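Below is one structure, written out as structure tokens; the observations come after it.
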Amino acid sequence: MNFKEDIVDAFQLLYAAVEGGEDGQQEPPGLCSVVLEPMPEKEVPITDPFLDLREVYLRELFVPNRFSAHTLRKALGIYRRSIDLASLGDRGMARLQEEVEAALRDEVEARVTSALSEEEVMQVTHEVWATFYSHTLQYHQVGQKPVGVVGGVGVVRKQVVSWVRPVDVVEVMVLLPLEELQVGMLASVVGEDTASGLVSLARPLRLLHQALPPEQAAAFSLDLYHLQPPDCLAEALASSLLAHDPVLSAALTRHLTSLPGITSALWAYLHALQLDLGLPDALAQGDNGACPGGAVAGLLAGRAGAAVVGAVVGQVAHVRFQLCRELLVLQQAALQLPQSCLSVDASATIRSTLLPKTALLTQAYLALLHLATAPAERPAQATLETARRQLAVLTLGSGPSLPTQARPATVLELFFLGSGGDEARALAWPALEQVWCLAPGWATLVMPLAITLAQLAWPISRCLLLLEWMVWAGQHAAVQQYVRLLQPWCEWNSFSRKFLLGVSLLNQGEAGKAAQLLVGAMEGVLTEDFLGVRVAGGAPDTLPDQLRITYCLRVVRLLEQAGQPALALHVAQQGVAVAAPQEPALAALYSVVFKHELDLHHHDEAFTALLACPDPQRRRNCLRQLVVALHDRR
């Protein structure tokens, strides 16, 4: 099925109940349909009165794919004549954001007088932004009015088209009404034991979800974004809910006391939430064979298809992040409730194993959600040329493929339009081939493609395809935020992420920080394939010192190419310091040290490096250069 670019420029997918089969019986997960759309909140929760209100509201208003440009223009028209975005090219939404800021700043200034206190000025600011958000939301809701259907797979609305898609087992657990949730409908997908565990905890999890105020939910996400430990946040949240809601406390106590195997049920949820299926080393980029040909190769390959797949990944991440949060709060609540709720063994297992694993998944889904909503940058041609030169220096192949015409909203959409889409199709096709022959169509492919794309972005794995692509595609703001979110907890690819962040910062003009990160990533050549095999060019029998020296030489060339000779010298000196004196490859590093010391007119240091070089031929060449330099410089 081909999607028309013009009708889904601002498409969104809507949350609704899971529908049953034609005979009135509930279909198994994967065959159910759901229309999904992350509907905006009726009002923006302000969790901290000292936050920059402008930043909070702009973040809510301009999340990619939340409000269309048409909706925002209509809301802006209340304050001033709206601008024509058609003539603004790639900066349309950015220019619109500037216009919104300017209009609301004028509105605040018109209401503020010198007699108002700081708190009153803040209140006026909040009222102005809240009013604009309310107008935007009203126009958005008007645009959601359905006017027709598209062949049973979509709903045509006044301003957007909503596409119906299948759901997975986790979404069934979260979205299906409790009275319809049965072990039998899940058993064929996840097994009877796992299904029994999932259903047994569904009610207490729903109770927590309903009891959690929007402000506290928003505060949890914000604190997690600021790198607070999720288990500690959940502990405070559980304490607050139990202290202020005795009905909830009694209900949880009743449900948990009657539950025979809470640890088994929790394990069932954690297993269902693992995108890596418990095998993080298995998710690595490799030779996946040729991409499927024919109609499948081009399916969902356009701007609209990428938007659909990217939105589904965002929805999957959002639903699972919320479930992880509620699992954390449930475990912390169980530990705080009377001891009759948990056995001693169950309490110990939760503290030592289940809570840490749930916290890990919570942070991973936050990072995935960030990628699904991070705005895509439109890199300049000079940025891409720099990336190609850097790839040549590092011998990492050609540059990233980027769409020439489409303007995707998010980083994940841009990735899917390039190499990410080809990789996802190649990975998903072996499991889909038989199903595709029986029921060809976009709906057959959308969920497997979305889950595969999410796996390529999943931080608990050895796969670096997405992060590497982001660096060479010039998505530097998203790279830095993504690495920041992973830094406190993610042990997978930690040195490789440090290296790629260093390259990103180098391209952003922060050469000093970049050099520190690149040096700090050196030890990763011994443990991570990206650094040891792809960057340092190592083989299974390559000695550690040789790997380190080759890595340093590549980094030196990278810094020299960026016009940073002093930092290149520093990296070479660090390489000399960690290598064994008898290592033959050390001569190349000493030559680099000599060259840059001489260029900096450090003649004594250059002579010292010359004497330390173990290769006689290199020593003679360096001595000749030193004599010539001393003569020319008198």
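These values consider heavy atoms only, across backbone and side chains, with no hydrogens, waters or symmetry-generated copies. These numbers were taken from a predicted model, which means no experiment stands behind them.
Put simply, the side chain of Glu377 gets close to the backbone of His476: a donor and an acceptor are under 3.5 Å apart. Not one N or O on the side chain of Arg320 forms a donor-acceptor pair closer than 3.5 Å with the backbone of Thr362. A donor-acceptor contact shorter than 3.5 Å is absent between the side chain of Tyr133 and the backbone of Glu60.
Residues Ile460 and Trp489 form a side-chain contact, since some pair of their non-hydrogen atoms from C-beta on lies under 4.5 Å apart. Counting heavy atoms from C-beta on, the side chains of Val312 and Met447 come closer than 4.5 Å. Annotation: side chain of Gln481 is in contact with side chain of Tyr225 (closest heavy-atom distance under 4.5 Å).
At a threshold of 4.0 Å, the pair Arg303-Glu413 counts as salt-bridged, since one of the basic side-chain nitrogens sits closer than that to a carboxylate oxygen.
Between Ala265 and Ser200, the closest heavy-atom pair is CB-OG, 3.5 Å.
For the pairing with Trp469, the ring-ring contact (aromatic ring centres under 6.0 Å, His included) check across Phe415, Tyr482, Phe416 returns one residue only, Phe415.
To the nearest 0.5 Å, atom CZ of residue Arg497 and atom CD of residue Gln487 are 8.0 Å apart.
Counting heavy atoms of neighbouring residues, nucleotides and ligands inside a 6.0 Å radius, atom CZ of Arg484 exceeds 12 of them.
For Asp529, the salt bridge (Lys or Arg N to Asp or Glu O under 4.0 Å) partners two or more places apart in sequence, or in a different chain, are Arg462.
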